[in-house]
Amino acid sequence: MRTIDKVGETPEPETKMTSFIRLLHLEDDPRDAELIRLRLQAAGLSCDILWVSGKEAFESALERKTFDLVLSDYNLPGYDGLSALKHVREKQPELPVIMISGGLSEEEAVDCLKAGATDYVLKQRPQRLDTAVRRALVEKDERAARRRAEDEIFRQNLFLRQVIDLNPNFIFAKDRAGRFVLVNHAMAEAHGISVEEMLGRTEADITPDAQEVARFLKNDLEVMDTLREVFVAEEKIIDARGKVRWLQTVKRPIVTENRTADRVLGVAVDITESKRAKEEILRLNAELEERVQQRTAQLEALNKELEAFSYSVSHDLRSPLNTIDGFSQILVRLEGEKISDKGKHYLNRIRAATRQMSELIEGLLSLAQLSRDHLRLEVVDLSALSHEVEETFKEREPERQVQINIQDGLLAHGDPRLLSAVMHNLLGNAWKFSSKRTAAQIDVGSALGADGQTVYFVKDNGAGFDMAHAEKLFATFERLHSSTDFSGTGVGLTTVKRVIDRHGGRVWAESSVNHGASFYFTLGPGPVATLLSN
């Protein structure tokens with residue numbers, strides 16, 4: 001420990017030790033200053049004391065240095081202790097000051113304490129000095145700790161205030177009387193007042209509907225009494241602009257250490273737009289359902305009309321065709337000897353045309369029927385269907401030599417009647433367009449596609465077609481070959497596509513002229529998908 005006798009003398013270099021007490025001592029008598037030093041040393045206090053004897057030196061020291069404690073004589077020539085104390089409080093409000101005097105009256109002691117002195121010690125009782133110093137330093141540390149805690153609380157409160165004010169939802173807390181003790185900016189703004197103005201007000205001050213006020217208070221008290229959270233799915237408020245707003249609110253009790261609650265915390269989400277959107281969706285759905293019902297009724301009526309028209313057309317067209325065909329047969333049978341070969345040729349052409357027209361009518365009726373009938377989905381054995389079609393064609397044209405290879409176990413999920421039409425048309429095409437091959441061959445099978453879906457195929461080595469015209473392949477009445485080369489109505493492949501579309505699959509073909517054709521199709525997923533992949 002070192003002592004500087006007078007300000008202005010050159011001090012020794014300071015060695016900063018955190019265990020030292022940095023002490024500023026204002027005393028005009030050097031003997032009293034030395035006694036104080038010795039007393040502190042004897043008390044075991046490590047002090048770095050700067051002794052000054054007058055106003056100028058004292059105030060200069062406070063400007064230049066930082067101290068832990070000030071000791072000040074009460075009576076000084078030209079500068080009293082109260083003036084020194086006042087100066088310390090102006091410059092360093094937290095710095096403790098102990099007044100020391102040889103004859104301090106009770107009134108003067110009270111004045112010192114009122115002016116902010118930490119303690120006072122009479123020179124006649126120096127043994128109190130070490131206790132006063134220790135207590136002053138403890139109080140200083142406590143004040144510093146309390147100030148740090150208060151600063152931290154202030155920072156935390158400021159941070160939380162910013163958080164809740166930046167939140168677009170309504171955040172609030174109320175006491176048992178319904179007074180707001182916390183609100184955020186969003187909620188205050190909705191009611192057209194500031195946060196400060198809203199604090200302390202009740203629901204009745206901001207909500208004109210008395211029933212709503214009573215309901216809010218009832219919910220709040222229920223939360224505080226039961227200590228349970230309450231969820232309010234919808235509640236209506238009218239904001240400061242007269243706009244109706246819908247809120248979805250959660251309220252929780254603010255529980256104290258003794259398991260009671262005298263405040264409730266609430267968070268309300270504005271669901272006005274989502275509620276309006278929901279109502280709009282419900283309205284549109286109702287309109288859509290009504291439109292669907294209207295369209296369904298219209299379609300049902302139209303289908304009935306089409307069905308009646310189809311049967312009417314079928315009857316009206318078939319009747320004259322049957323008449324033409326019948327009279328042609330009678331004419332050949334009765335007047336055959338009188339008819340020239342050329343006439344017989346014409347009659348045969350007439351009969352062939354009536355048969356083709358009849359087939360076309362039948363195809364159109366079948367196509368219309370495909371669009372109306374409901375699907376009856378089940379597991380279908382395409383291998384068995386293909387063998388049935390094969391037998392039909394061989395019985396019809398036994399003279400033809402056609403090698404038909406049908407893969408076993410071709411299972412599919414679909415309508416058996418419609419899939420029978422698919423296999424009949426595809427195999428019929430292959431049979432027809434391979435008719436000019438001396439060694440005709442047809443293959444029926446399946447393979448696994450790149451997407452893992454089963455792809456069925458019917459291939460032939462017949463006439464084939466130009467892929468440049470492939471887009472016409474499945475169109476009604478479109479033909480890629482002359483009727484003189486190959487007969488047909490142009491409805492078969494349209495039927496195939498219609499059936500595959502109804503099953504949620506797709507159909508396509510690959511070919512080249514004189515090198516056969518390959519037709520592929522898939523079906524929508526069904527219960528046999530796992531079986532087919534094994």
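- E280 meets the side chain to side chain contact (heavy atoms under 4.5 Å, CB included) test with R283, L284; sequence neighbours excluded.
- For the side chain to side chain contact (heavy atoms under 4.5 Å, CB included) test, residues two or more places apart in sequence or in another chain that qualify with Q162 are L158.
- The line from CG of L523 to CG of L377 is 10.0 Å long, rounded to the nearest 0.5 Å.
- You'll find the side chain of R215 reaches within 4.5 Å of the side chain of E235, heavy atoms only.
- The environment of F231 atom CZ is dense: over 12 non-hydrogen atoms of other residues, nucleotides or ligands sit within 6.0 angstrom.
- Remark: E378 engages R376 in a salt bridge, criterion side-chain N to carboxylate O under 4.0 Å.
- Ion pairing between a basic and an acidic side chain is recognised when a charged N comes within 4.0 Å of a carboxylate O; R147 and E94 show such pairing.
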Please walk me through it: do D48 and R22 pass salt bridge (Lys or Arg N to Asp or Glu O under 4.0 Å)? CA-CA 5 Å; D48 186 4; R22 294 164 298 181; over 6 Å; no
Pair R161-I164, side chain to side chain contact (heavy atoms under 4.5 Å, CB included): steps then yes or no: CA-CA 5 Å; R161 181 77 252 175; I164 67 170; 3.3 Å; yes
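- Residues in residues 51-63 take part in these salt bridge (Lys or Arg N to Asp or Glu O under 4.0 Å) pairs, two or more places apart or across chains: E63-K91.
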Scan the side chains in residues 166-177 for donor-acceptor partners under 3.5 Å anywhere in the protein, sequence neighbours excluded, and list what turns up.
residue	atom	partner	partner atom	Å
N167	OD1	N169	N	2.9
N167	OD1	N169	ND2	3.3
K174	NZ	E203	OE2	2.9
K174	NZ	D220	OD2	2.7
D175	OD1	A177	N	3.0
D175	OD1	G178	N	3.1
D175	OD1	R179	N	2.8
D175	OD2	R179	NE	3.1
D175	OD2	R179	NH2	3.1
R176	NH1	D225	OD1	3.2
R176	NH2	D225	OD1	2.8
R176	NH2	A261	O	3.3

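- Ion pairing of D151 with R155 is absent here, as no side-chain N (NZ or NE/NH1/NH2) approaches a carboxylate O to less than 4.0 Å.
- Separation of atoms CG (D239) and CD1 (I206) is listed at 11.5 Å; rounding is to 0.5 Å.
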Decide salt bridge (Lys or Arg N to Asp or Glu O under 4.0 Å) for E234 and K275; before the verdict, give the C-alpha distance in whole Å, the side-chain angles of both, and the deciding distance to 0.1 Å. CA-CA 10 Å; E234 282 187 0; K275 182 177 174 64; 3.1 Å; yes
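- Atom CG in L182 sits 7.0 Å away from atom CG in L265 (nearest 0.5 Å).
- To the nearest 0.5 Å, atoms CG (L24) and CG (D68) are separated by 11.0 Å.
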Only pairs under 3.5 Å count here: list side-chain donor-acceptor contacts from residues 111-120, not counting sequence neighbours, and write none if there are none.
residue	atom	partner	partner atom	Å
T118	OG1	V97	N	3.1
D119	OD2	R128	NH2	3.2
D119	OD2	R135	NH2	2.2

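- Contacts classified as side-chain hydrogen bond (donor to acceptor under 3.5 Å, both in side chains) and involving residues 185-195 (residues at least two apart or in different chains) are given here: S194-E197.
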